[in-house]
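Have a look at the structure below before the remarks.
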2 protein chains.
Amino acid sequence: MDEGGNRTFASEDEAPRDGAGRRPITLADVAREARVGESTVSRVLRSHGSFSEKTRARVEAAVARLGYVPNRIAGTLASTGSRLIGIVIPSLTNIVFPDLLRGATAALEQEGFQSVIAVTDYDQDREEAVVGSLLSWRPAGLIVTGLEHNPGTRRRLIASGVRVAELLDIDGPGLDIVVGYSNRAAGETSARHLAGRGYRRIGYIGHDLTKDRRAAKRYAGFRDALAQAGLALAGEERVAAPSSVEAGRQGLAALLARSPDLDAAYFSNDDMALGGYFHCLSAGLPVPGRLALFGYNGLDVGRLMPQPLATIRTPRVEAGATAARLLCAGGPATVVDLGFELIEGATA
Amino acid sequence: MDEGGNRTFASEDEAPRDGAGRRPITLADVAREARVGESTVSRVLRSHGSFSEKTRARVEAAVARLGYVPNRIAGTLASTGSRLIGIVIPSLTNIVFPDLLRGATAALEQEGFQSVIAVTDYDQDREEAVVGSLLSWRPAGLIVTGLEHNPGTRRRLIASGVRVAELLDIDGPGLDIVVGYSNRAAGETSARHLAGRGYRRIGYIGHDLTKDRRAAKRYAGFRDALAQAGLALAGEERVAAPSSVEAGRQGLAALLARSPDLDAAYFSNDDMALGGYFHCLSAGLPVPGRLALFGYNGLDVGRLMPQPLATIRTPRVEAGATAARLLCAGGPATVVDLGFELIEGATA
DNA sequence: GCAACTTTTGGCAGCGCTGCCAATCCGGAC
DNA sequence: GTCCGGATTGGCAGCGCTGCCAAAAGTTGC
């Protein structure tokens, strides 16, 4: 039945069992060992249907004796649903997405699901490709980030008939389940906060907004709310790179070089803001006396800075967990607004 | 041939096609549509075996027309290898592991593999459970973290016959492929560096070492090298929590309260060290004049602090990528020492 | 035009498991 | 002892795809 060292085998039943490379052990082997039918083994292993206690013991003993590991590939093919959830995130560099994963995998595990992840690098074409790739595993559901997808992605998602949860944004129409918060409102809240505190010459330091649509929405909300307060951005710097501490530090330095008279800086993310804070420390700029700083996301690190960072805390872990639970539960399409929280901190 | 409002269907072949919920489209549908055999479609889709250009075009047109998505579950069951790699990491909170994932998923994608991830929360029993769960997907390989596993996990890994890569540690015997660096040597290097700079009253601030075996190895190496230099730890603080900025900040504060005369602090991780740095800033302790700080991992944030953090840079992304490539390549068992790099920084 | 190949193609038996259905067993009730 | 209904159990047809093998279609050389 397979490459047998140099003995020969009278019947397939005598072929060497697994252990480390031989014929894999199957449900049929367990059934034979336990002297019951295959369906009985299947029922016992899934605790589904009825069987006697004696049978259960027999089967479990056989499983242990043979070291049987069920083959979920076969199980999934034979049954319908797959107990796999695909998760598509733009990046693993920004801690925001591991947070989301964390919430999702924890909730999925409780429900007995497994997650397959894919990373898009904020590229919509890659998103389309990885969505296709994930769909080929016939997942029970898909978690994607944001509401903006290119037409091919939308088409695939819709055509697949798979439940989809779109995360971390609710500013726009969703396909099915939407879990997140309003980035636009977060931007507005940030602007109102800074304006309310009396800052007038406010600058913006952001990363690549064409790729990060949620950051673009915060930016738009921020500008609009400033305008309502009779203000305009006193300067801005877009770093053509993903959000990072370094981008924030260099961005603020560059912006101050051009517009030295800013009194506040709004960053597209907390890690950018932390970079800005480091710049202020290095340059000897008192915060917030000389320059106020405001971030976004509410990372732990901001809370622990000598002066806690003024920011917006977003429920990322909760979003992942909520989406996972909704997907598993299989209810109707919904939009869940988890909201966000203004953290006043001490830097603005 | 596809979704027809409320007609009835003469034969199963006329049953409504997918679109959003009907009978899923299969390879057989594509074959019929393209008027070729199923195996021909399969060959074209996998670019495997030979077929004419004309046939390729016909098949691709049919695929596009029907919106066919191959079913990898069925494909995997029918063929042998699964093009899935399971990745087991202890945590998603510490950026180290997303880094590892990043390297691995990027390399895997190039090879046409997909990754399934599972998180253990530094718990060996959970590791055993998730390894079992991942093995049931019959992955082509498994990436796990560290060399320490409980007996059940080892048994399963060995019995499965699946290739395994153990990452981020090379201090001990491995099962198959081992990719990483010596944590012990990193601890030693750190101690020698501090001792060489003339620090004499060195304290240690660490997180939960019973769970994080690699941190424990660094700690052991650090103590041993100090001893060789005729020194001993002048104090230590173990925070009973995972590594975090907060743990570092509180840990250093607590340690200094007990041992105010320390001249240097060695942290189990960079995020702990960053917390320590924040404490120094808040408490007005000059760094490194009053207290030197030394971390581990070489996170970006350390490089961008007003005074770059003295630390050890570890090749985490590279480790993930290397392991992924080795697993896909299928060579012999090996140990790959990627080494680490001392970053002198300005805090020690 | 034909033999000898090579390329292209189709048919079909599984891969290992689950779902359905029929068979068997068991414990009263009669 | 017999009959009945529910609890257990086994058999077997797929799930959708790939691998193998043989058939069909082209090619080339004479």
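Rounded to whole Å, the distance from CZ on Phe51(A) to P on dC26(C) is 18 Å. To the nearest angstrom, P of dT7(C) lies 16 Å from CD of Glu53(B). What separates CZ of Arg32(A) from C1' of dG16(C) is a distance of 13 Å, to the nearest Å. Between Ile73(B) atom CD1 and dG16(D) atom P there is a gap of 12 Å when expressed in whole angstrom units.
Separation of atoms CG (Leu135(B)) and CG (Leu157(B)) is listed at 6.5 Å; rounding is to 0.5 Å. The CD1 atom of Ile143(A) sits 12.0 Å away from the CZ atom of Arg163(A) when rounded to the nearest 0.5 Å. Atom OG1 of Thr93(A) and atom OH of Tyr122(A) lie 8.5 Å apart (nearest 0.5 Å).
Residue whose closest nucleotide on DNA chain C sits further toward the 5' end, between Thr40(B) and Leu77(B): Thr40(B).
Side-chain contact check for Glu166(A) and Thr145(A): no donor-acceptor pair (N or O, by modelled atom type) lies under 3.5 Å.
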B/S/- contact track for nucleotides 17-27 of chain D, protein heavy atom under 4.0 Å: BBB--------
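Remark: Arg43(A) is not positioned above the aromatic ring of Phe51(A), lacking an NZ or CZ atom under 6.0 angstrom from the ring centre and at most 45 degrees off the axis.
Side-chain atoms of His149(B) come within 3.5 Å of backbone N or O of Gly146(B) as a donor-acceptor pair.
The phosphate of dT9(C) (OP1 or OP2) has a side-chain N or O of Ser52(B) nearer than 4.0 angstrom.
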